[in-house]
Amino acid sequence: MRKPINGFSKLSKLDKIEWITETFFQDADAAKQAIKQYWNTDQKLQQLHDEFIENTITNYYLPFGVAPNFLINGKLYTIPMAIEESSVVAAASNAAKFWLTRGGFKTEVISTTKIGQVHFMYSGSFDKLQNFFAFVKPKLIEDTQHITKSMKKRGGGILDIQLKDRTNELKDYYQLHATFETLDAMGANFINSCLEQFAKTFRTEALYFESFSEPENHIQVVMSILSNYVPDCLVRVEVSCPVEDLNHKSLASSEEFAHKFIQAIKIAEIEPYRAVTHNKGIMNGIDAVVLATGNDFRAVEAGVHAYAARNGKYSSLSHAEIEAGVFKFWMEIPLALGTVGGLTNLHPLVKIALEMLGQPDAKELMQIVAAAGLAQNFAALRSLTTTGIQEGHMKMHLMNMLNQLNATHKEKEKIVAYFKKNIVTHSAVEKALNNLRLLGNE
């Protein structure tokens with residue numbers, strides 16, 4: 001039976017690896033070699049990566065690809081994407097190329113407001129609490145001036161603070177609900193610092209508020225934290241073209257393509273089981289760009305999926321219609337992104353990604369990311385409603401299968417050529433490779 005280890009975080013990197021490989025692996029030397037082969041030979045760069053997080057033992061690589069030919073508001077972009085899933089970059093690229101000659105993507109940032117909350121418990125008169133809040137609100141703003149000074153100079157800062165009564169859902173539960181503008185920063189540290197100061201001031205001032213009774217003086221702050229649900233940090237993205245431009249070789253007419261495409265969207269609007277997978281496809285494109293640009297894809301995911309359920313039922317993020325012979329496909333999506341601070345100033349590949357995009361500000365990046373998501377969704381729905389998703393996906397996945405089967409370079413060339421006209425499945429690839437090897441041995 002394995003025993004817990006004490007002081008692991010204080011061990012050197014090599015000692016950590018030694019303990020891990022000796023404890024968990026049958027072939028400790030092979031495990032050490034696999035771990036070390038992903039170290040960067042540039043010691044300074046490796047140290048930078050080591051210090052991003054705690055207990056680092058190696059680097060975990062993801063492919064960094066690009067999707068060219070994205071025309072967004074009349075400007076051409078090549079979009080960086082960090083993702084491990086086959087066909088995502090290809091699908092986004094194909095969709096970008098399709099819309100390149102049809103007006104491209106039209107995007108608009110609707111709002112950029114972010115949210116933070118101080119959650120507290122108060123047992124007493126609500127009227128007294130309201131009076132106290134009116135009294136203390138200016139003090140809350142004043143006491144954060146040392147935090148907000150720099151942000152305010154750039155045009156951001158605290159927009160408002162509201163008192164919210166949630167006692168109908170949880171006994172004695174109230175909130176300070178604050179809205180923020182963080183401009184080109186993701187803003188998590190800024191918002192959380194403001195909230196913690198709010199909590200400190202709120203709790204301290206309550207002790208001396210004359211209208212409160214002794215129990216009412218002692219407000220219990222449970223926590224102070226930003227929200228990753230940002231329904232007022234919205235961007236809209238749209239593509240449109242005459243229906244007759246939606247030609248596809250597998251269907252009889254453009255009208256049939258448009259009809260099936262819209263039906264697929266309607267299904268995702270009413271059926272949660274389909275909507276989750278539908279929206280996951282959108283997030284394939286979004287997450288890949290968010291990750292490549294050093295933003296928090298987990299926060300984006302959480303906020304987007306909450307937004308998809310904002311009306312009480314999980315539904316499609318994207319929508320489509322035909323109006324006066326014009327096909328329109330669009331979505332509005334919450335994206336709290338930044339282009340300064342965090343990894344954007346540290347990770348070399350994040351710097352490359354942002355320079356490739358022309359050093360966008362946060363609003364421009366929101367629009368780029370949204371376009372990548374809509375492109376991915378368009379490509380997926382086009383495949384689903386025509387040839388089926390697996391034909392293209394499995395062909396893109398072919399190289400992974402061949403690597404799993406240890407195919408040589410020459411074998412890969414011949415197998416790829418063979419499957420240009422044949423259906424790709426794992427068993428079919430394995431059979432074709434075995435046949436090729438048998439012929440080679442004869």
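Worth saying up front: this structure is predicted, and the values here are computed from it rather than measured.
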Pairs of donor and acceptor atoms involving the side chains of residues 374-381, under 3.5 Å and at least two apart or interchain, shall be tabulated with distances.
unit_1: Asn377; atom_1: OD1; unit_2: His278; atom_2: NE2; d: 3.4
unit_1: Asn377; atom_1: OD1; unit_2: Ser318; atom_2: OG; d: 2.6

Say whether [X] and [Y], considering side chains only, have a donor N or O and an acceptor N or O under 3.5 Å apart.
{"X": "Glu51", "Y": "Gln47", "value": "yes"}
{"X": "Thr201", "Y": "Gln197", "value": "yes"}
{"X": "Thr386", "Y": "Arg382", "value": "no"}
{"X": "Thr112", "Y": "Glu181", "value": "yes"}
{"X": "Gln46", "Y": "Asp42", "value": "no"}
{"X": "Tyr314", "Y": "Asn279", "value": "yes"}

CD of Gln162 to CG of Leu176: how many Å apart, nearest 0.5 Å?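 It comes to 10.5 Å.
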Measure the spacing between NE2 of His347 and CG of Asn345 and express it to the nearest 0.5 Å.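 Reported to 0.5 Å precision, the distance equals 13.0 Å.
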Aromatic ring pairing Phe24/Trp19, orientation class (parallel under 30°, perpendicular over 60°, tilted between):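 Taking Trp19 first and then Phe24, their aromatic rings stand perpendicular (interplane angle over 60°).
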Do the ring planes of His119 and Tyr173 sit parallel (below 30°), tilted (30 to 60°) or perpendicular (above 60°)?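 Ring orientation of His119 relative to Tyr173: parallel.
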By salt bridge (Lys or Arg N to Asp or Glu O under 4.0 Å) - contacts of Lys139 (at least two apart):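 So Lys139 forms a salt bridge (Lys or Arg N to Asp or Glu O under 4.0 Å) with Asp143.
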Kindly write out the residues that satisfy salt bridge (Lys or Arg N to Asp or Glu O under 4.0 Å) with Glu332, not counting sequence neighbours, or none if the list is empty.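 In terms of salt bridge (Lys or Arg N to Asp or Glu O under 4.0 Å), with neighbours along the sequence ignored, Glu332 is linked to Arg236.
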When you measure from the side chain of [X] to the backbone N and O of [Y], does any donor-acceptor pair fall under 3.5 Å?
{"X": "Asn434", "Y": "Glu430", "answer": "yes"}
{"X": "Lys313", "Y": "Arg310", "answer": "no"}
{"X": "Arg102", "Y": "Asp245", "answer": "yes"}
{"X": "Ser254", "Y": "Glu244", "answer": "yes"}

Return the set of residues passing ring-ring contact (aromatic ring centres under 6.0 Å, His included) with [X] (not counting sequence neighbours), or none when no residue passes.
{"X": "Phe327", "result": "Phe261"}
{"X": "Tyr273", "result": "none"}
{"X": "His177", "result": "none"}

Neighbour count above 12 (heavy atom, 6.0 Å) for [X] [atom1]:
{"X": "Asn189", "atom1": "CG", "result": "no"}
{"X": "Tyr418", "atom1": "OH", "result": "no"}
{"X": "Lys13", "atom1": "NZ", "result": "yes"}

Any salt bridge linking Glu85 with Lys280? Criterion: basic side-chain nitrogen under 4.0 Å from a carboxylate oxygen.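 Judged by the 4.0 Å cut-off on N to carboxylate O distance, Glu85 and Lys280 do form a salt bridge.
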Can you list everything that forms a side-chain hydrogen bond (donor to acceptor under 3.5 Å, both in side chains) with Thr179? Sequence neighbours excluded, please.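 Once residues adjacent in sequence are excluded, Thr179 has no partner under the side-chain hydrogen bond (donor to acceptor under 3.5 Å, both in side chains) criterion.
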Only counting residues at least two apart or in another chain, list the ones meeting side-chain hydrogen bond (donor to acceptor under 3.5 Å, both in side chains) with Asn55.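 Expected list: none.
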Taking all heavy atoms of [X] and all of [Y], pick out the closest pair and write down the distance.
{"X": "Met331", "Y": "Leu317", "result": "CB-O, 3.1 Å"}
{"X": "Val118", "Y": "Ala199", "result": "CG1-CB, 4.0 Å"}
{"X": "Ala299", "Y": "Asn228", "result": "CB-ND2, 3.3 Å"}
{"X": "Lys16", "Y": "Ser9", "result": "NZ-O, 3.5 Å"}
{"X": "Val290", "Y": "Thr293", "result": "O-OG1, 3.2 Å"}

Which atom pairs, one a donor and one an acceptor, fall under 3.5 Å between side chains of residues 30-39 and the rest of the protein, sequence neighbours left out?
unit_1: Lys32; atom_1: NZ; unit_2: Glu18; atom_2: OE1; d: 2.9
unit_1: Lys32; atom_1: NZ; unit_2: Glu18; atom_2: OE2; d: 3.3
unit_1: Trp39; atom_1: NE1; unit_2: Ile57; atom_2: O; d: 2.9

For Ser315, which residues count as a side chain to side chain contact (heavy atoms under 4.5 Å, CB included) partner, sequence neighbours excluded?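 With sequence neighbours excluded, Ser315 shows a side chain to side chain contact (heavy atoms under 4.5 Å, CB included) to Glu269, given in chain and number order.
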Output all residues satisfying side chain to side chain contact (heavy atoms under 4.5 Å, CB included) with Glu169, sequence neighbours left out; order by chain, then residue number.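 Partners of Glu169 under the side chain to side chain contact (heavy atoms under 4.5 Å, CB included) test: Arg166.
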Do Ser111 and Cys233 have side-chain heavy atoms sitting under 4.5 Å apart?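 No; the side chains remain at least 4.5 Å from each other.
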Can you give the donor-acceptor pairs under 3.5 Å from side chains of residues 349-361 to other protein atoms, not counting sequence neighbours?
unit_1: Asp361; atom_1: OD1; unit_2: Lys363; atom_2: N; d: 3.3
unit_1: Asp361; atom_1: OD1; unit_2: Glu364; atom_2: N; d: 2.8

Salt bridge (Lys or Arg N to Asp or Glu O under 4.0 Å) assessment of Asp15 paired with Lys10: CA-CA 10 Å; Asp15 286 341; Lys10 294 181 175 63; over 6 Å; no
Stepwise salt bridge (Lys or Arg N to Asp or Glu O under 4.0 Å) check, Glu323 with Lys328: CA-CA 8 Å; Glu323 185 177 349; Lys328 294 182 179 179; 3.7 Å; yes
